[in-house]
Amino acid sequence: MRTVTPEETLSVSEIVQAAASSLEAEFPDVEVEGEISNLALPGSGHAYFTLKDASAQLRCVAWRSTVVRFPFRPSDGQLVRARGGLTVYSPRGDMQLVIRSLRLAGEGALQQAYEELKRRLEAEGLFDQARKRLLPRFPSCLGLVTSGSGAVLHDLLSVLERRYPLVRVVVAPVRVQGDGAAAEIAAAIRSFNGLPSNDGRRPDVLVVGRGGGSLEDLWAFNDERLARVIHASGIPVVSAVGHETDFTIADFAADVRAATPSMAAELVVPDRAELTAGMRSLQRRLAAAVTSRVGQGRRRLRSVMRSVAVAGPDRRLRVSAQRLDSVLSRVHRAMAMHVRTATTRRGAVMDRL
């Protein structure tokens, strides 16, 4: 590093070069976290942008050979961690970071992990539509795997009571956020599946869910082990995690994904108001069908009675007697002719004898 005395006068280039040498020697390999802004991707393939936080900003450059190795496409607003060396861009005298690698930070890192897990499990077939089962239309028992104290449980129970009070509900209270939450949820699903088929507590369908939140808040439902437990469940599973725009790995592994917990309650049980209306419609159709059949029967009976009146028993007997007389007459004539023929043949034979 060059030492400059107070009496020495330096050119701009010399002072910039000295600063560059000092920075390069002091910070040859650093990792900086910040938000991307002012991103420029010219035709040369290089990338230029600024990393900023609440109180400062740092110019950055990534050469084309580095950009092609980025694991994602950078964009403004992304929180990233950039590794490289500090130097000074002489034409402007600006300090800048020459980036050698770039990765997502914070929720960006979680999003990247989410996408990688999703691709891997999808390739294994855990999300295949062909293996997903239909939900029972009239479940007698429903299992809820959610927080025992959250608003989600209250909403689920309210909707179930309003729509179909006949269903029996068994709640498995679990943590839905933080360390150990995914393990508790998976254990509850395994516990329900471990109940014998003749146990009244064994649900016909499971609802697994929680309310909305950030990607980090919902991270328990992006756990690989939990996804495999949901996939292996012998009881159909409905995933109801977050809001309508939130998607988790559990949603893809489940048999049915509900946009919200309240919608999950509407999916798993019928609506008694609709059932009542349907029964009334069936009653009306049945009454109309019975009335129609009775009417047809009456019309057929009247037709038969008219036929009997026109052709009563006496007339039918007379007709039959006439037919019998005609048949007997034909028989007598045939017998007489047969006797005459036989007599003639007998006479001829006797004459020959």
Side-chain angles (χ1 to χ4, degrees), residues 127-174 176 185 188-212 221 226-227 229-248 250-291:
F127 307 154
D128 287 351
Q129 290 295 323
R131 60 153 291 274
K132 296 185 183 296
R133 293 159 295 184
L134 296 176
L135 302 181
R137 188 176 181 188
F138 300 104
S140 60
C141 184
L142 176 64
L144 300 183
V145 181
T146 187
S147 171
S149 58
V152 168
L153 179 59
H154 177 268
D155 293 343
L156 284 168
L157 294 176
S158 297
V159 175
L160 293 171
E161 175 65 24
R162 171 176 54 82
R163 287 179 62 87
Y164 195 63
L166 295 177
V167 71
R168 184 169 62 259
V169 179
V170 182
V171 181
V174 296
V176 293
I185 298 167
I189 296 173
R190 283 195 295 262
S191 178
F192 276 127
N193 277 273
L195 295 173
S197 58
N198 59 354
D199 192 320
R201 297 170 300 167
R202 181 182 174 90
D204 300 309
V205 62
L206 294 174
V207 175
V208 180
R210 59 152 288 159
F221 295 88
L226 175 58
V229 168
I230 292 174
H231 177 266
S233 174
I235 303 172
V237 176
V238 176
S239 177
V241 182
H243 300 303
E244 188 169 355
T245 56
D246 297 322
F247 281 87
T248 66
D251 292 328
F252 297 108
D255 295 284
V256 175
R257 184 248 176 186
T260 64
S262 296
M263 187 173 293
E266 295 180 0
L267 287 173
V268 296
V269 295
D271 186 357
R272 63 177 174 179
E274 294 179 359
L275 291 176
T276 301
M279 290 296 295
R280 289 173 179 167
S281 176
L282 287 175
Q283 288 176 340
R284 289 192 295 269
R285 290 168 58 188
L286 179 60
V290 169
T291 300

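Computed from a predicted model, the values in this text were never measured in an experiment.
Remark: of the listed residues V268, D255, L267, V268 is the sole one forming a side-chain contact (heavy atoms from CB on, under 4.5 Å) with V205.
The number of heavy-atom neighbours closer than 6.0 Å to CG of L282, taken from other residues, nucleotides and ligands shown, is above 12. Residue R131 qualifies as enclosed at atom CZ: its count of foreign heavy atoms under 6.0 Å is above 12.
One distance of note links CG of L153 with OG1 of T146; it measures 6.5 Å at 0.5 Å rounding. For the atom pair L166 CG and R272 CZ, the distance stands at 8.5 Å (nearest 0.5 Å). Atoms CD and OG1, on E266 and T260 in that order, are 7.5 Å from each other to the nearest 0.5 Å. To the nearest 0.5 Å, the span separating CG on D246 from OG1 on T248 amounts to 8.5 Å. Between the CZ atom in R137 and the CG atom in D204 there is a gap of 15.0 Å [rounded to 0.5 Å]. Atom SG of residue C141 and atom CZ of residue F192 lie 7.5 Å apart, to the nearest 0.5 angstrom.
With hydrogens and angles disregarded, no donor-acceptor distance shorter than 3.5 Å links the side chain of R162 to the backbone of L157. Of the possible donor and acceptor atoms, one in the side chain of D271 sits under 3.5 Å from a partner among the backbone N and O of A273. Remark: side-chain polar atoms of R202 are paired, donor with acceptor, to backbone N or O of N193 under 3.5 angstrom. Checking side-chain atoms of R163 against main-chain N and O of S158 turns up no donor-acceptor pair under 3.5 Å.
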- Message: Run V238 and L135 through side-chain contact (heavy atoms from CB on, under 4.5 Å) and show every step you take.
- Response: CA-CA 9 Å; V238 176; L135 302 181; 3.8 Å; yes

- Please report the C-alpha distance between L134 and V256 in whole Å, then the side-chain angles of each, then the deciding distance to 0.1 Å, and finally whether the side-chain contact (heavy atoms from CB on, under 4.5 Å) criterion is met. CA-CA 8 Å; L134 296 176; V256 175; over 6 Å; no

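F127 is not listed as a side-chain neighbour of H231, based on a closest heavy-atom distance of 4.5 Å or more. Under the 4.5 Å side-chain criterion, counting only non-hydrogen atoms from C-beta, R190 is in contact with V229. Contact annotation: the side chain of S281 approaches that of R285 to within less than 4.5 Å [non-hydrogen atoms, C-beta and beyond]. When side chains are defined from C-beta on, L226 counts as touching I189, because their heavy atoms get closer than 4.5 Å. For the pair P139/V269, a side-chain contact is recorded, criterion being any heavy-atom separation below 4.5 Å from C-beta on. Side-chain contact between V241 and F247 is absent, with no heavy-atom pair separated by less than 4.5 Å. Proximity of V176 to F221: side-chain heavy atoms (C-beta onward) are separated by under 4.5 Å at one or more points. Side-chain contact between S239 and V208: absent, with no pair of heavy atoms (C-beta onward) separated by less than 4.5 Å.
Nearest heavy-atom pair, S262 versus V159, reported as atom, atom and distance to 0.1 Å: O-CG1, 4.2 Å. In terms of heavy atoms, A264 sits closest to V207 at CB-CG1, 4.0 Å. In terms of heavy atoms, P261 sits closest to G242 at CD-O, 3.8 Å. Residues H243 and G212 share a closest heavy-atom pair of NE2-CA, 3.5 Å. Here the shortest heavy-atom pairing between R210 and V152 reads C-CG2, 3.6 Å.
Residues passing the side chain to side chain donor-acceptor pair (under 3.5 Å) test with D155: none are found, sequence neighbours excluded. Looking at residues two or more places apart in sequence or on another chain, you find a salt bridge (Lys or Arg N to Asp or Glu O under 4.0 Å) between R201 and D199.
Between Y164 and F138, the ring planes are tilted. Angles from 30° to 60° get that label.
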